Amino acid sequence: MTGRTQKSAGMDVFKSRAFLVIAFAGALAACQTPGTQAPDQAQQAPSPAQTSDAAQPEGASPVQSSAAPASVARPRAAVRASKHMIAAANPHAARAGLSVLRAGGSAVDAAIAAQLVLNVVEPQSSGIGGGGFLMHFSAASGAIDAFDGRETAPATATADMFMKADGSRRKFHDVVPGGISVGVPGLLRMLQLAHAKHGKLAWAKLFEPAIKLASEGFKISPRLHALIKRDRHLKKFAATRKYFFDADGEAKPVGARLINAPLADSFRLIALIGADAFYSGGIAQDIARAVTAAQPNPGGMTVKDLENYKAVARPPVCSFYRKWFVCGMGPPTSGGITVQQILGILQTRDLAVLKANSFDAVHFIAEASRLAFADRNRYIADPEFQEVPVNRLIDPGYLAGRAKLIRADQSMGKAEPGQISSGSADLGSQMEGAKGLSTSHISIVDSDGNAVALTSSIENAFGSRLMVRGFLLNNQLTDFAFVPVAGSRAVANRAGPGKRPRSSMSPTLVVDGAGKLVLSLGSPGGTSIIGYVAKTIIAALDWDMDIQAAVDLPHFINRNGAATDLERGTAIIALKSSLEAAGHKVRTRPMTSGLHAIRVRGGQLMGAADPRREGVALGD
Ligand code: GLU
């Protein structure tokens, strides 16, 4: 079955805007891995100095490389620049991106260089063994492109691959390590596709910073150390045991130098030959061998699966939010649609008059999120396998009707999905990708005003824990529904050969009424990504907050489960009793977002890095 026809890869913002104007008459602990300890430090904000100490190449001053950036991230004020900017989850990666921007590279060039460095220094989060989604804004034409590099299931995948013989589902952490969870990686094909369209510098040049770091080594950061230490699967496999632990089996300490010669070699080959060097030949053979020979959980991936992988340029999903035009990634991620459903429901009310962290703001946003997640869970899956009614889901008239279900002072409880089409069954209680310790987001604006929002992932922290030639393979197939039927209906997000599992990644670009860029943002965080991104857009646009303050703002979300989650250890906890009085079941938990955002205003670039991880915003 095929979904929507993918007519054009790009979308002219002005044309699409005209069309929509007509239609517009309208952490660690909470998602704790069983049996692991979550040291709080792993998600606390390192001060800028700490961050720099941990991740700065030797010989450089704490926050400045030899070509000193104009500014560095501070805890409470956005970094300002006028030419170009990058915000990313690790200082090494941000510096690599900045050096590419300084060399005249495009936003896509900088994204590739930064992403490859993240593969080296933040191996738990993303890399060429995983996938991602990249949004691109072209300043000259106003066009927005959306590139899909999501992993696909191998040809051997079946709908019940995560079920036991007795008809019960296997546990998440029983199937994550090993080969069964590994999807065919999509990141490199996607980066190459984006580079072919928007790259300025040579492909090979973009690999230089990552090759240098992988071969000369980098110092283990506090977050990487904490995640190695708490992980119960990494020691099961020889390659990861050797790389991340010392001879006594202790997690290598903060500041210890990690050298990844096999990854440097892989990068050299891919730099020279292109992504084909990964999807066929020796690397592809090694990936297939690692997956099929894995113990536990051997999988069924073949070299053919890798050779067949295609990144896809898809139409972006865009809609108005008040006077702004918000564009996100469409299915197979639920991110774009669900963020825009939340915003579309909320625009029936004047949020600007409400205060951040107030009961009314949190209640309305949480209830809108309930409604949006009800639709998400029923209707969104890989569009090549399931018809996803994208336009109806973000239709302003439909969303205005959904908004009427929200009561001012009482929670609606569990929301039902809207009557859009017969669709597939609800996913039920399983919330895929809810762990939220992995994944990375990069936001970039180049000196021509082009922008990138790139979210990439290997799913769980350290993915499947299988390491091949220096990179970790993802466990993205666990983002499929484990139970393929609910009652008599097939579940939309069930596994299948060649299918892409539903994601929550939400790289987002916002433009104004004149088609000028306003925001580039995104975050890791599993299904909570959607809440982090929606709330940051509201904070920046409705509440007109400094972008760093918008990123810092305490989190809350309701994903249409029982609980309304409030971010532990923040001021938002003060709302607990008033929310409970209104019928919310309140749960507090760490909410380890990794928001990286750039706001453009009056010709100025303002960048923010999430204090909950180790990133920085750098610009000139
Ligand atoms: N696998 C998740 C997704 O694609 C992301 C996981 C995370 O953010 O930790 O939505």
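Both ligands and their constituent atoms are indexed starting at 1 by order of listing. Here the structure is a predicted model, which is why all the values come from computation and not from measurement.
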* **Distance (rounded to the nearest 0.5 Å) between Ile228 CD1 and Ile220 CD1** =>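 Separation between the atoms: 4.5 Å.
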
* Asked: Does Lys310 have any side-chain contact (heavy atoms from CB on, under 4.5 Å) partners at least two apart in sequence or in another chain, and if so, which?
  ->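 side-chain contact (heavy atoms from CB on, under 4.5 Å) list for Lys310, sorted by chain: empty.
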
* What residues form a side-chain contact (heavy atoms from CB on, under 4.5 Å) with Thr156, not counting sequence neighbours? ->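 Applying side-chain contact (heavy atoms from CB on, under 4.5 Å) to Thr156 gives Pro154.
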
Under a 4.0 angstrom heavy-atom cut-off, which atoms of ligand 1 come close to [X]?
X      : value
Asp479 : 1 (N), 2 (C), 3 (C), 4 (O), 10 (O)
Gln476 : 1 (N), 2 (C), 4 (O)
Gly525 : 7 (C), 8 (O)
Ile529 : 8 (O)
Ser438 : 9 (O)

* Could a heavy atom of Arg150 be found less than 4.0 Å from some atom of ligand 1? ->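 True for this residue.
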
* **Electrostatic pair Arg150-Asp382, nearest N-O below 4.0 angstrom** =>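 Between Asp382 and Arg150 there is no salt bridge, as every charged N stays at least 4.0 Å from the carboxylate O atoms.
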
* To do: Answer yes or no: does an N/O atom from Pro524 fall short of 3.5 Å to an N/O atom of ligand 1?
  =>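 No.
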
* Asked: Looking only at N/O atoms, are Glu459 and ligand 1 under 3.5 Å apart anywhere?
  ->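 Right, the criterion is met.
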
* Do Lys499 and Phe480 meet the cation-pi criteria used here (NZ or CZ under 6.0 Å from the six-membered ring centre, within 45° of the axis)? ->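 Relative to the ring axis of Phe480, which defines the angle, Lys499 lies outside at least one limit.
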
* For the residue pair Tyr532 and His555, categorise the inter-ring angle as parallel (less than 30°), tilted (30 to 60°) or perpendicular (more than 60°). =>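 Because their plane-to-plane angle lies in the 30° to 60° range, the rings of Tyr532 and His555 count as tilted.
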
